[in-house]
Amino acid sequence: MPELSRSCDADWTLETDSLRLTPMVECDTDALFRLLKDPEIHVFTGGHPPASADDVRATIRRRESRRSPEGDELWLNWTLRLKTDQSVVGYVQAGVKQGKADLAWVVGVPFQRRGYASEASGRVLQWLRDDLGVHEVRASIHPDHVTSHRVARNLGLLKSGERTDEGEDVWRASFR
């Protein structure tokens, strides 16, 4: 498994033309809570809006270790900010284990349909391949979430024909 021997705070900050992707930290709580409390964002991602900012804070604290409780998986989470005004627009996460990554993206409703999910996830995918040596990426997407299907295709992922236990379609790409 690749090691993040560098600091997890600044060294894996990523940039795109319009976004700055920073490692998710506790101070992102309020901005992320404002996005995640919108019930519309959970239609295809499952679950319910967080009850409070404290719930979001607790989740971020668990993820700040950058490792699963067992220590065998990297948990990488980026907060997405517009370069123009630093507004938080969403997040991208990747669970990395044995050269494979599970990728997910969430963009707040006011910022959707502007290409941010493809832009940010594409940059994360490039970093996973180039810096961590990931050779396979997968995304699990609700069958009716047409917008996320488009993002997956933009990333070069193909629908595999597999389904998760939750009924999501599995999309994959391999790099060798």
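Contact annotation: the side chain of E73 never approaches that of Q98 to less than 4.5 Å [non-hydrogen atoms, C-beta and beyond].
Defined by atom type and a distance below 3.5 Å, a donor-acceptor pair is present between the side-chain atoms of R113 and T147. Remark: the T59 side chain and the D55 side chain contain no N/O donor-acceptor pair separated by less than 3.5 Å. In this structure, a donor-acceptor pair under 3.5 Å is present between the side chains of S87 and D85.
Using a cutoff of 4.0 Å between basic side-chain nitrogens and carboxylate oxygens, D28 and R81 are scored as salt-bridged. The residues R61 and E26 are annotated as salt-bridged, a charged nitrogen and a carboxylate oxygen being separated by less than 4.0 angstrom.
Taking both residues in full, the closest heavy atoms of R66 and P23 are given as NH2-CB, 3.6 Å, listed atom of the first, atom of the second, then distance. The heavy-atom pair separating T29 from I60 by the smallest distance is OG1-CD1, 3.7 Å. Between V92 and W105, the shortest heavy-atom distance links the atoms CG2-CB, 4.2 Å. In terms of heavy atoms, A173 sits closest to G156 at CB-O, 3.6 Å. When every heavy atom of L35 is checked against every heavy atom of G108, the shortest pair comes out as CD2-CA, 3.9 Å.
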Under the side chain to side chain contact (heavy atoms under 4.5 Å, CB included) criterion, do T22 and W78 qualify, and how do the steps go?
CA-CA 5 Å; T22 57; W78 289 266; 5.9 Å; no

Show your working on salt bridge (Lys or Arg N to Asp or Glu O under 4.0 Å) between E15 and R123 and close with a plain yes or no.
CA-CA 7 Å; E15 294 200 6; R123 180 64 183 99; over 6 Å; no

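No more than 12 heavy atoms of other residues, nucleotides or ligands shown are found within 6.0 angstrom of CZ on R20. Remark: Q86 CD is packed, more than 12 non-hydrogen atoms of other residues, nucleotides or ligands lying under 6.0 Å away. At most 12 non-hydrogen atoms from other residues, nucleotides or ligands lie less than 6.0 angstrom from CG of D165.
Paired with D169 under the rule side-chain hydrogen bond (donor to acceptor under 3.5 Å, both in side chains), one option of H145, H142, R163 passes, and it is R163. Exactly one residue among T13, T16, N77 makes a side chain to side chain contact (heavy atoms under 4.5 Å, CB included) with L21. That residue is T16.
Proximity of a side-chain donor or acceptor of H149 to a complementary backbone N or O of I141 within less than 3.5 Å is not detected. Panel note: side chain S160, backbone V170; a donor-acceptor pair is recorded below 3.5 Å.
With values rounded to the nearest 0.5 angstrom, L19 atom CG is found 11.0 Å from R114 atom CZ.
F44 and V107 fall into different hydrophobic clusters, where Ile, Leu, Val, Met, Phe, Trp and Tyr side chains are chained together by heavy-atom contacts under 4.5 Å.
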